[in-house]
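For reference, the structure is listed below as structure tokens.
Only a predicted model underlies this, so the values are computations on that prediction, with no experimental measurement involved. Starting from 1, each residue takes its place in the sequence as its number. Order of listing sets the numbers, starting from 1, for every ligand and every atom in it.
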Amino acid sequence: MPEPSITTTHDAEADPRNADLKIYVNGRIVPRAEAMVSVYDSGFLLGDGVWEGIRLYNGKWAFLDAHLDRLYEAAKAIDLDIGLDRAGLMAALDATAAANGMREDVHARLMVTRGVKDKPFQDPRLSRSGPTIVIITEHSAPSEATVHRGIRLATVPHLRGLPMTQDPKLNSHSKLNCILAGIAAQKAGADEALMLDMHGFVNTTNSCNFFIVRRGEVWTSTGDYCMPGITRANVIRLCRDNAIPCFEKNFSLVETYGAEEAFITGTFGAQTPVAEIDGRPISDGPGPVTLRIRALYKALVKAETA
Ligand SMILES: Cc1ncc(COP(=O)(O)O)c(C=O)c1O
């Protein structure tokens, strides 16, 4: 029996070159099959690390300063010394792309964990050998079919956490709350989870930020309890610069089901249309406001990476 086809928010066009990638592991760039980290690594044992997803266009990393700001801020918050300065990390990213002959439609996952532990226990003081830094770069053109079709969302019981538990603004390796949300959505027949905050307002999805369009206005959550997405910030700025009314505000599922359009944002897919939420149809393919924002964002990326 063929595998059933699935839609994920990170569907990329198939690219056989990804079978032979070269991957950066702690200063060495090695073939994919040899790219390994220890079973004692803090990231493997405990999800103790932080990461960024960054894209390369025209040989340049888009919005790199913002990504590095977020990474160093997260590392400081979890008291993790990355051990490389910004120039060092940029050189590592460039070397990995160069080793793979990459310039366009590339997605990098830059990961920094607390490194190899002496013993398989939680105490961060057991991580004594310095951080583990891994960069995976893949040939990764977002699937046109997914953009055309849109994704299906389902609301789930898993809430966005409060900042004093595991701050949902941290791009941490441990993403179990988001993973459980995604599993619940998939069991409900959707592709991605729509997550609420503890007041019941619509907040974000498990791996992307969330926007709706109502009567020509673009709405997204206040920004509390969601990842401070770099694509989200760019979309808000583009709307404001181009006279598209845009509001960061609380809104409910009623207002969400009644939206004319909805889309999610993230570095990988830019803006991906939402076709359906909890079985309610939203729009058949990308709507006019989503298309306009996609075009503005494409132009922004082009200018940024010229
Ligand atoms: C939970 C979550 N929301 C949103 C995003 C999108 O952020 P960005 O636009 O910076 O890629 C990410 C990406 O890491 C994420 O993990």
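Using a 4.0 Å cut-off between charged nitrogen and carboxylate oxygen, R149 and D284 do not count as a salt-bridge pair. By the 4.0 Å N-to-carboxylate-O rule, E248 lies too far from R237 to be salt-bridged with it.
Atom 3 (N) of ligand 1 has its closest protein heavy atom at M227 CB, 3.3 Å. Ranking protein heavy atoms by distance to atom 9 (O) of ligand 1, first place goes to T231 OG1, 2.6 Å. In terms of protein heavy-atom proximity, atom 16 (O) of ligand 1 is nearest to K175 NZ, 3.3 Å.
Side-chain atoms of T205 never come within 3.5 Å of backbone atoms of E192 as a donor-acceptor pair (strictly under, hydrogens ignored). Of the possible polar contacts, one joining the E104 side chain to the N58 backbone as a donor-acceptor pair under 3.5 Å is found.
Between H67 and ligand 1, not a single N/O pair is under 3.5 Å apart. Remark: ligand 1 and R70 share an N or O pair separated by less than 3.5 Å (distance only, no angle test). Between T265 and ligand 1, a contact under 3.5 Å exists for no N or O pair.
Atoms of ligand 1 lying under 4.0 Å from any heavy atom of N209, numbered from 1 in the order shown and given with element: 4 (C), 6 (C). When each atom of ligand 1 is checked for a heavy atom of N171 under 4.0 Å away, the hits are 14 (O), 16 (O). Close approach to T267 involves these atoms of ligand 1, each under 4.0 Å from a residue heavy atom: 8 (P), 9 (O), 10 (O), 11 (O). When each atom of ligand 1 is checked for a heavy atom of G266 under 4.0 Å away, the hits are 6 (C), 9 (O), 11 (O).
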Pair L180, V156 - check side-chain contact (heavy atoms from CB on, under 4.5 Å), show working.
CA-CA 9 Å; L180 291 176; V156 297; over 6 Å; no
Candidate pair N234 and Y297, rule side-chain hydrogen bond (donor to acceptor under 3.5 Å, both in side chains), full reasoning:
CA-CA 8 Å; N234 281 327; Y297 184 80; 4.7 Å; no
Going through the checks in order, is the side-chain hydrogen bond (donor to acceptor under 3.5 Å, both in side chains) test met by S42 and S127?
CA-CA 7 Å; S42 309; S127 307; 2.9 Å; yes
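Both Y24 and L64 sit in one connected hydrophobic cluster of ILVMFWY residues. Membership requires side-chain heavy atoms under 4.5 Å apart, directly or through other members.
Contacts of N206 with ligand 1, taken as heavy-atom pairs under 4.0 Å, involve the backbone alone. At a 4.0 Å heavy-atom cut-off, ligand 1 does not touch E52 at all. Neither the backbone nor the side chain of F210 comes within contact range of ligand 1; no heavy atom lies under 4.0 Å.
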Kindly list each side-chain donor-acceptor pair under 3.5 angstrom involving residues 299-306, sequence neighbours excluded, with atom names and distances?
from	atom 1	to	atom 2	distance (Å)
E304	OE2	F63	N	2.7
T305	OG1	V301	O	2.7

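Judged by the 6.0 Å distance and 45° axis criteria, R55 is not positioned over the aromatic ring of W61.
Using a 4.0 Å heavy-atom cutoff, W51 is listed among the residues neighbouring ligand 1. For the ligand labelled ligand 1, residue G53 lies outside the 4.0 Å heavy-atom shell.
Counting heavy atoms only, S207 comes closest to atom 2 (C) of ligand 1 of the residues P228, G229, P168, S207.
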